[in-house]
Amino acid sequence: MNLTERLFGTDVRAKYRRFFSVMVPIFITQTAIIGMNFCDTVMSGHAGTAQLAGTSIGGNIWMPVFTTLNGILTAAVPITAQLLGAGRRGGIGRVIRHGLWLALALAALCYAAGWLFLTPVVHHLGVEAEVARVAVLYLAGIGIGLVPFFLNNVLRSLIDTLGGTHLTMMAFLTTLPVNVCLNYVLIYGKGGLPALGGVGAGIATGLTNWFVFVFFCLILRKDGRYRDIRILEGPLLPDPGLLAEFLRIGVPIGLSIFVETSIFGAIAFLVAKFGTETIAASQAAMSFTSLVYMIPLSVSLSMTILVGIEAGARRWSGAEHYGNVGLSFNGTCALLIPSLIYLGRDGIAALYLDEPEARALCATFMAYGSLFVMGDAVAAPIQGILRGYKEVRFPFYSAVVAYWVIGAPVGLFLDYGLGHGAGSYWQSLDFGLAASAVLLLGRLFAVRRRCRTVPSR
């Protein structure tokens, strides 16, 4: 057996075809979601500075909340994938039903927290009264679609895992122009409606979530591959054991996402002391690298599905082969994309900024960003592979160590100890993501060695 067969199996082309058939629609879906957020920001900005500031503050409050809670619901993917691989398709409806129960509980928790704490938290930030008003009402507008927002995450897990990533892609590509039209009508007051500014962007997002929910329900009802998944059949009351499994897998995923997103929020705060131009340059660089991150994120989500199915069937060699397919693809990206970012950093900065000094700073941040994009290209797929094995605690621990035990102190030392300025915190991301990649890679090897001792089917 040659090296290629050991790494990818004898049907290399078939595995790559299946990988791309799952990954590419996921990538387009994630890009469409980013596009909706981008349209919210740009269209709110044209309604006035206060409207943009209010939606930005509201978005910064909502971002860590929804990414963390959605991470908990993402547990539906590895659970469903392993059931599918194990030939226990009949149990999938019960899993999804419990995921929907959990989604409703999380939505209720968000409503309660918003009712009690949202207004005091926003006013505590010390922003102008109009900005605070827009931020609160923007989040209230999103609240219109909070229930379908969480339900959609569970339904998407089902649709994607059972081979319908292209259907999810169609849903969000259809939703994008709907969201833009709703923004146009509600933000600027068209069709006889009052101009709501940034508040209209929140309402448009809430209504869009309902549109996606209806689309997903139609998919589950009309597409033949889902008709045997009896989501609503069975006992009305949830099973504590299955809910516990959801939380056992989902909570570490959600906390891991929170740890990762919170470090970027902390960096935005630490960079603020260097002035407006530095803030603008850092935000522009972060915006572009976030867009690039959609590639490793899409690979990560694909790996959870493909590896989860193989692990559920106890086809350990198949799980390794699909994992290697994802790692090899992202390894190529880890070499190519950072090089392109570095070489094109001045042009990228010019897309975002006009002021020469801010543009030069942004180009410098892009140079550092090209390195942590390389780390992301290694770490993100491994996270997805480990989740496919239902290995979720170590990625959380490694994220805490990499970002907060290593990355954050390094950034503070480079800034206050060595005087590297705002670039210190971008350099700290390079250290943190490199550490994360090394830790996760070591854990992946350990999990694979352990699985090889388990009999295959």
Side-chain angles (χ1 to χ4, degrees), residues 9 14-15 18-19 21-22 26 71-103 151-168 216-217 219-253 300-323 384-393 447-448 450-457:
K15 284 188 172 63
R18 188 178 181 195
F19 163 68
S21 72
V22 175
I26 289 177
I72 295 174
L73 297 173
T74 302
V77 176
I79 296 174
T80 301
Q82 291 209 8
L83 285 175
L84 185 63
R88 297 165 55 195
R89 187 182 177 94
I92 292 176
R94 180 168 172 266
V95 168
I96 298 303
R97 182 167 67 253
H98 281 72
L100 297 176
W101 275 116
L102 187 58
L151 295 177
N152 288 342
N153 189 279
V154 180
L155 297 180
R156 179 186 171 183
S157 298
L158 169 64
I159 293 169
D160 284 355
T161 306
L162 269 62
T165 53
H166 65 289
L167 298 174
T168 301
F216 280 170
C217 289
I219 290 174
L220 295 176
R221 183 176 178 83
K222 299 295 184 180
D223 194 287
R225 79 192 77 186
Y226 305 106
R227 287 176 186 161
D228 64 321
I229 306 299
R230 308 298 184 184
I231 298 176
L232 301 180
E233 292 184 7
L236 179 62
L237 295 178
D239 177 6
L242 188 49
L243 285 178
E245 184 180 10
F246 249 99
L247 295 174
R248 180 181 63 80
I249 297 173
V251 169
I253 295 176
S300 178
L301 296 172
S302 305
M303 287 294 97
T304 302
I305 295 171
L306 296 172
V307 173
I309 291 172
E310 296 298 308
R314 292 190 178 182
R315 295 190 293 261
W316 307 120
S317 60
E320 289 191 22
H321 293 158
Y322 276 114
I385 293 169
L386 291 174
R387 288 169 187 166
Y389 287 109
K390 294 186 179 179
E391 176 68 39
V392 292
R393 291 187 180 181
V447 169
R448 284 181 170 181
R450 183 186 69 203
C451 289
R452 287 171 192 156
T453 65
V454 179
S456 298
R457 289 184 179 173

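The basis for the numbers below is simple: all heavy atoms, side chains too, and nothing from hydrogens, waters or symmetry mates. Fair warning: this is a prediction, and the values are worked out from it, not measured in the lab.
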A side-chain contact here means heavy atoms from C-beta on lying under 4.5 Å apart; do [X] and [Y] qualify?
X    : Y    : value
L220 : I159 : yes
R452 : W316 : no
E245 : K390 : yes
L83  : R89  : no
R315 : I309 : yes

Rounded at 0.5 Å granularity, tell me how far [atom1] in [X] sits from [atom2] in [Y].
X    : Y    : atom1 : atom2 : value
L247 : L102 : CG    : CG    : 5.5 Å
L386 : T304 : CG    : OG1   : 9.0 Å
L306 : F19  : CG    : CZ    : 8.0 Å
S317 : E310 : OG    : CD    : 8.0 Å
L84  : I92  : CG    : CD1   : 5.0 Å
I305 : R18  : CD1   : CZ    : 9.5 Å

Among side-chain atoms of T165 and D160, is any donor-acceptor pair under 3.5 angstrom?
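Note: T165 and D160 side chains miss the donor-acceptor criterion.
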Check: [X] side chain, [Y] main-chain N or O, donor-acceptor pair, under 3.5 Å:
X    : Y    : result
T161 : L158 : no
T168 : R156 : no
R227 : K222 : yes
R225 : G163 : yes
H98  : D239 : yes

Of all heavy-atom pairs between [X] and [Y], which one has the smallest distance, and what is that distance?
X    : Y    : result
V307 : Y389 : CG1-CE1, 3.8 Å
P240 : P238 : CD-O, 3.4 Å
F246 : A76  : CE2-N, 3.6 Å
P78  : T74  : CD-O, 3.3 Å
A311 : G388 : CB-O, 4.0 Å
G85  : A313 : O-CB, 3.0 Å

In a check of side-chain contact (heavy atoms from CB on, under 4.5 Å) between S157 and each of T80, L162, L73, V77, which one passes?
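Result: among T80, L162, L73, V77, V77 is the only option passing the side-chain contact (heavy atoms from CB on, under 4.5 Å) with S157.
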Between I72 and I253, does the side chain to side chain contact (heavy atoms under 4.5 Å, CB included) criterion hold? Intermediate values first, please.
CA-CA 6 Å; I72 295 174; I253 295 176; over 6 Å; no
Does E391 pair with R448 as a salt bridge, N-O distance under 4.0 Å?
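Result for this pair is no, no salt bridge flagged.
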The criterion is ring pair (Phe, Tyr, Trp, His ring centres under 6.0 Å); which residues satisfy it with Y226, sequence neighbours excluded?
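Not a single residue meets the ring pair (Phe, Tyr, Trp, His ring centres under 6.0 Å) criterion with Y226.
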